[in-house]
Structures are given as structure tokens and as C-alpha cells.
Amino acid sequence: MKITKVQVIVHCPARNFVTVKVHSDQGVYGLGDATLNGRELAVSKYIEEYLTPSLIGKSPFDTEDIWQFFYKGVYWRRGAVNMTAIGAIDIALWDLKAKLLNVPLYQLLGGKSRNKILTYCHGHGTSFEDTIEKVLEKKEAGYEAIRVQSGIPGLDKIYGMNTKKGAKYEPAIAAETPFEEEWDTSKYLNHVPRLFEKVREAVGDEVHLLHDGHHRLTPIEAARLGKELEPFHLFWLEDLVAGEMQESFRLIRNHTTTPLALGEVFNTMFDCKTLLEEELIDHLRMAVSHGGGITPMKKIAALAELHHVKISPHGPSDISPIGIAAALHLVTAINNFGVHEYMGYEEQTLEAFPHAFKWEKGYLHLDETPGLGVDINMDLVDKYPYKKAFLPVNRLTDGTMFHW
Ligand code: EZ4
Ligand code: CO
């Protein structure tokens with residue numbers, strides 16, 4: 001059994017995606033997600049130039065050896081572009097392997113640990129009233145867990161707001177240079193506890209409420225926010241502080257019982273080793289596609305299990321249905337699953353990626369389709385060409401460059 005061809009498809013069905021298609025001499029192919037929001041062409045070129053030639057002729061069953069070949073073989077280890085590229089190949093090989101064996105991928109990862117996968121959505125509004133309305137709409141739609149973000153008085157362009165009315169939340173904006181947002185931490189810290197007081201009162205105790213700080217606080221500011229939100233029993237506070245300094249979480253952990261989530265920008269075990277070993281977080285948010293694929297994420301999940309940390313994958317609309325399916329198969333198989341983010345997709349994205357997983361009443365469901373259960377509609381690829389788009393950057397109101 002041999003890998004015969006690797007195609008890297010860059011397309012824009014409502015937003016940019018990079019899809020990898022690995023072909024075998026059995027006429028079966030596997031699909032991987034190589035989308036890295038705002039840096040798509042760096043990954044596609046990387047795969048075409050540096051990974052594809054080494055894959056031709058290898059057995060698609062040798063997922064561990066191929067992963068190690070690319071991880072150790074690059075010499076310049078880690079990094080988002082490198083690990084997303086390796087991850088896309090790894091996902092495609094697991095998809096291919098499961099298809100060749102005629103089983104859904106989770107069967108190769110430990111079988112079924114659960115029947116359905118809890119999801120959370122986004123309930124975002126401009127004001128207190130608008131946010132409460134959005135959260136109640138999501139609760140009505142069946143979501144049991146809702147991420148709450150709202151506009152902050154005095155700040156016009158901030159994280160978590162929809163840019164187009166009626167559209168799904170989409171932070172990437174098509175342009176030649178990144179859009180600039182603005183930020184003021186003291187306004188934010190005063191606003192958020194008031195928001196959660198009102199939202200909790202409106203939705204009651206049954207719904208899980210989540211919030212994303214998007215890496216903007218210092219440890220002591222994060223500790224204050226965690227403490228002040230304790231009465232409202234959040235499911236988690238996500239990305240309060242940038243994750244480069246894992247040790248920063250010691251201080252936050254010592255001050256608050258609000259559960260902490262982190263890791264959507266992580267790409268290896270070494271980004272979270274201290275966090276896991278010292279039990280500084282409760283949920284690890286790594287995406288399978290950005291974390292180097294199924295092969296390393298299975299090991300990371302095992303280390304997390306030992307330290308009471310749950311795997312709760314990042315699931316924005318900039319991870320394609322292929323990347324989402326990879327995470328769904330992983331979290332179906334492991335014991336320590338928390339919650340999966342799910343925002344849904346625009347119509348064009350759904351047409352581009354026919355898929356077997358289904359969202360129903362707050363949960364995602366897999367079926368028995370062999371492999372990942374996701375395909376790509378090749379007829380639509382040329383219809384939706386890549387359009388350069390960037391995630392925003394962020395400045396304080398005095399112009400200082402800040403975290404986005
Ligand atoms: O910033 O998907 O939890 N979700 C998030 C997202 C991410 C974007 C990055 O591409 O924080 O909004
Ligand atoms: Co996030």
C-alpha cells in the first residue's frame with residue numbers, strides 16, 4: 001500500500017480554507033485540514049514544497065513514523081505553520097487508514113467513550129440587553145453551553161462582535177493589511193462582572209456560561225476577573241493571559257476557583273507541559289489541526305487525563321469541517337472530554353464540505369461512516385478562489401500595540 005499523490009487545495013467557500021488530499025494506490029484518499037487563519041499560503045506552500053515529496057511511496061498506515069519523520073526531520077521544531085502542515089498530513093493519513101479498514105476513525109483511537117458531544121456556541125451582543133437576547137435565543141435553540149461576549153461602552157471596534165449583521169461570527173477580514181481594533185482593560189474589567197450578573201439572572205442556573213478574554217490580561221488582572229465572576233459559576237474563563245508564560249497561571253490559580261481554559265494557539269505538548277503537570281488549567285483548547293494532528297493529540301490527551309484536565313477543542317468556523325471532524329473522533333474516543341466549540345458554517349462552506357457529523361439539540365453526533373466522514377466537493381474549488389484575509393490587530397486607545 002503506497003501514497004501516490006498529495007493535492008493541496010486553497011479555496012474560499014465563504015472563507016479561506018486549505019485542504020490536503022492524500023491519494024493511495026488503492027484508489028482511496030484521505031483529507032486533512034491545513035487552514036491557519038490569516039497565514040493560509042505559508043502552510044500550503046510548506047506542504048507542497050517540503051512535505052509532499054517525502055510522502056510519495058510511503059505506506060499510509062505508518063502514521064507514527066511519518067509524524068516523527070516530519071517532526072524530528074525538520075530540525076526547526078514546533079511553530080504554527082510547521083505544526084499545522086504536519087497536522088494536516090497526519091489527519092489525512094488517519095482518515096485514509098480508517099477508510100481502508102472501513103471503520104469510523106474513533107474505532108482506531110479507543111472506540112466510543114460517549115454517544116454525543118457537548119457543544120458551546122457564541123451568544124454575542126452589542127449591549128447588555130442585546131447580549132441577553134442573543135443568549136436566550138441560543139438557549140432556545142438547544143445549546144446547553146454558551147460563550148458570552150458583549151460590546152463595551154466607550155470602545156467601538158472590539159473582539160467578539162459580528163462585523164456583518166446577521167452573519168456568523170467571523171474575525172478574519174479580506175484586505176491587503178490587517179484591520180485595527182481598540183482596547184481598554186479597565187473598561188473591560190468593570191464591564192464583564194456586571195454583564196454576567198445580568199446574564200445569569202436572565203438565563204437561570206441550568207445553562208453553562210463561558211467567556212473568552214483573548215489573551216489580554218496580566219496575571220493579577222486575570223485573578224481579579226476570576227474572583228469577581230465566582231458568584232456566577234462560569235463553566236470557564238478562556239485565554240485570560242497570553243499562554244507563552246505557562247508559569248503565569250500559578251498566580252491566577254492561587255486566587256480563583258473559576259475554571260480556566262487555554263490553548264487554542266498552542267501547537268505542541270511543550271506549550272502546555274507545565275500547565276498540565278502543575279494542574280494550572282481545567283480545559284485544554286488545542287485544535288487537532290493546529291496541534292500537529294491526531295498522533296500527538298492522543299498523547300497530549302493522555303497526559304491531560306492524568307492531571308484532571310479535559311480536552312475541549314477550539315472549534316471556530318476557520319477550522320474546516322475536516323479539522324472539526326478530526327477533533328470529534330478524538331473526543332469520542334478519549335475519556336477526558338469537556339466541551340467542543342461549534343459555531344456552524346455559512347452555506348457555501350457546507351456545500352464545499354459534505355459531512356456526516358450532525359448538530360442536534362446542543363450536541364454533535366458522529367455516525368458509522370468510515371474515516372472522518374467528511375468529503376470535499378472538487379467541483380466548487382475553482383468557483384471560490386482564495387481571497388487574502390487577516391485577523392485583526394489591536395491597539396490601546398492611546399495607540400500602543402496590544403494583544404488581539
Ligand atoms: O480567535 O478562530 O475561541 N475562539 C476564538 C476565535 C479565534 C479565531 C482565530 O482564528 O478565540 O475567535
Ligand atoms: Co478563544
Side-chain angles (χ1 to χ4, degrees), residues 12 14-18 33-43 80-81 83-84 87 118-124 138 143 145-150 157-164 167-175 178-179 181 183 188 192 208-217 222 225 234-243 259-267 271-272 275 281-291 310-321 323-324 327 338-346 349 388-394 402-404:
C12 186
R15 64 153 5 271
N16 291 322
F17 292 109
V18 181
D33 183 11
T35 311
L36 185 63
N37 207 358
R39 292 293 185 275
E40 292 85 1
L41 300 184
V43 185
V81 172
M83 295 309 293
T84 302
L118 177 68
T119 61
Y120 76 88
C121 64
H122 295 180
H124 298 177
K138 298 290 181 184
Y143 276 101
I146 305 170
R147 182 179 96 163
V148 182
Q149 313 286 137
S150 100
K157 299 167 281 182
I158 65 157
Y159 174 76
M161 299 296 95
N162 281 342
T163 46
K164 286 178 275 170
K168 300 225 159 55
Y169 169 65
E170 172 55 74
I173 297 167
F179 180 75
E181 294 183 347
W183 189 248
Y188 169 78
V192 176
H208 296 306
L209 298 177
L210 297 75
H211 180 72
D212 192 341
H214 232 244
H215 308 119
R216 289 161 188 213
L217 303 180
L225 185 62
L234 268 65
F235 186 89
W236 78 35
L237 271 175
E238 176 190 350
D239 287 353
L240 288 185
V241 173
L260 303 172
L262 188 70
E264 67 183 42
V265 302
F266 291 173
N267 45 64
D271 297 330
C272 55
L275 293 167
I281 58 170
D282 302 279
H283 294 266
L284 182 63
R285 307 236 42 235
M286 288 172 71
V288 173
S289 57
H290 299 144
K310 291 184 169 143
I311 301 297
S312 296
H314 191 207
S317 50
D318 51 86
I319 293 178
S320 85
I324 296 290
V339 66
H340 196 295
E341 186 177 22
Y342 191 63
M343 296 162 51
Y345 291 104
E346 299 289 343
T349 309
K388 188 184 285 179
F390 285 95
L391 288 169
V393 296
N394 200 18
F402 202 58
H403 314 275
W404 181 71

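Whatever order the structure lists ligands and atoms in, that order sets their numbers, starting from 1. Below, each value reflects all heavy atoms present in this structure, side chains not excepted, and no hydrogens, waters or symmetry copies.
T35 and T84 make their closest contact through O-CG2, 4.1 Å (heavy atoms, listed as atom of the first residue, atom of the second, distance).
Ring geometry, W183 versus Y188: the interplanar angle falls from 30° to 60°, so the pair is classed tilted. Taking the six-membered ring where tryptophan is involved, the planes of H122 and H124 are essentially parallel, since the angle between them stays under 30° and well short of 60°.
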Expected rows: ligand 1 N/O, protein N/O, dist below 3.5 Å:
| unit_1 | atom_1 | unit_2 | atom_2 | d |
| --- | --- | --- | --- | --- |
| ligand 1 | 1 (O) | H214 | NE2 | 2.8 |
| ligand 1 | 1 (O) | E264 | OE2 | 3.3 |
| ligand 1 | 2 (O) | D318 | OD2 | 2.7 |
| ligand 1 | 3 (O) | R147 | NH1 | 3.3 |
| ligand 1 | 3 (O) | D212 | OD2 | 3.3 |
| ligand 1 | 3 (O) | E238 | OE2 | 3.2 |
| ligand 1 | 3 (O) | E264 | OE1 | 2.9 |
| ligand 1 | 3 (O) | R285 | NH1 | 3.4 |
| ligand 1 | 3 (O) | E341 | OE1 | 3.4 |
| ligand 1 | 3 (O) | E341 | OE2 | 3.3 |
| ligand 1 | 4 (N) | R147 | NH1 | 3.4 |
| ligand 1 | 4 (N) | E264 | OE1 | 3.2 |
| ligand 1 | 4 (N) | H314 | NE2 | 3.1 |
| ligand 1 | 4 (N) | E341 | OE2 | 3.3 |
| ligand 1 | 10 (O) | N37 | ND2 | 3.0 |
| ligand 1 | 10 (O) | D318 | OD1 | 3.2 |
| ligand 1 | 10 (O) | D318 | OD2 | 3.2 |
| ligand 1 | 11 (O) | Y159 | OH | 3.0 |
| ligand 1 | 11 (O) | D212 | OD2 | 2.9 |
| ligand 1 | 11 (O) | H214 | NE2 | 3.1 |
| ligand 1 | 11 (O) | E264 | OE1 | 3.0 |
| ligand 1 | 11 (O) | E264 | OE2 | 2.9 |
| ligand 1 | 12 (O) | Y159 | OH | 2.9 |

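Remark: aromatic rings of H208 and Y143 are distant, center separation not under 6.0 Å. Residues Y120 and W236 bring their aromatic ring centres within 6.0 Å.
The pair R285-E341 counts as a salt bridge, with a side-chain nitrogen and a carboxylate oxygen less than 4.0 angstrom apart.
Tally of protein N, O or S atoms closer to the Co ion (ligand 2) than 2.8 Å: 3.
At least one side-chain heavy atom of R15 sits less than 4.5 Å from a side-chain heavy atom of F17.
A cation-pi arrangement is found for R147 relative to Y169, the charged atom lying closer than 6.0 Å to the ring centre and inside a 45° cone about the ring normal.
Each of H215, E181, H214 was scored for a side-chain hydrogen bond (donor to acceptor under 3.5 Å, both in side chains) with W404, with one residue passing: E181.
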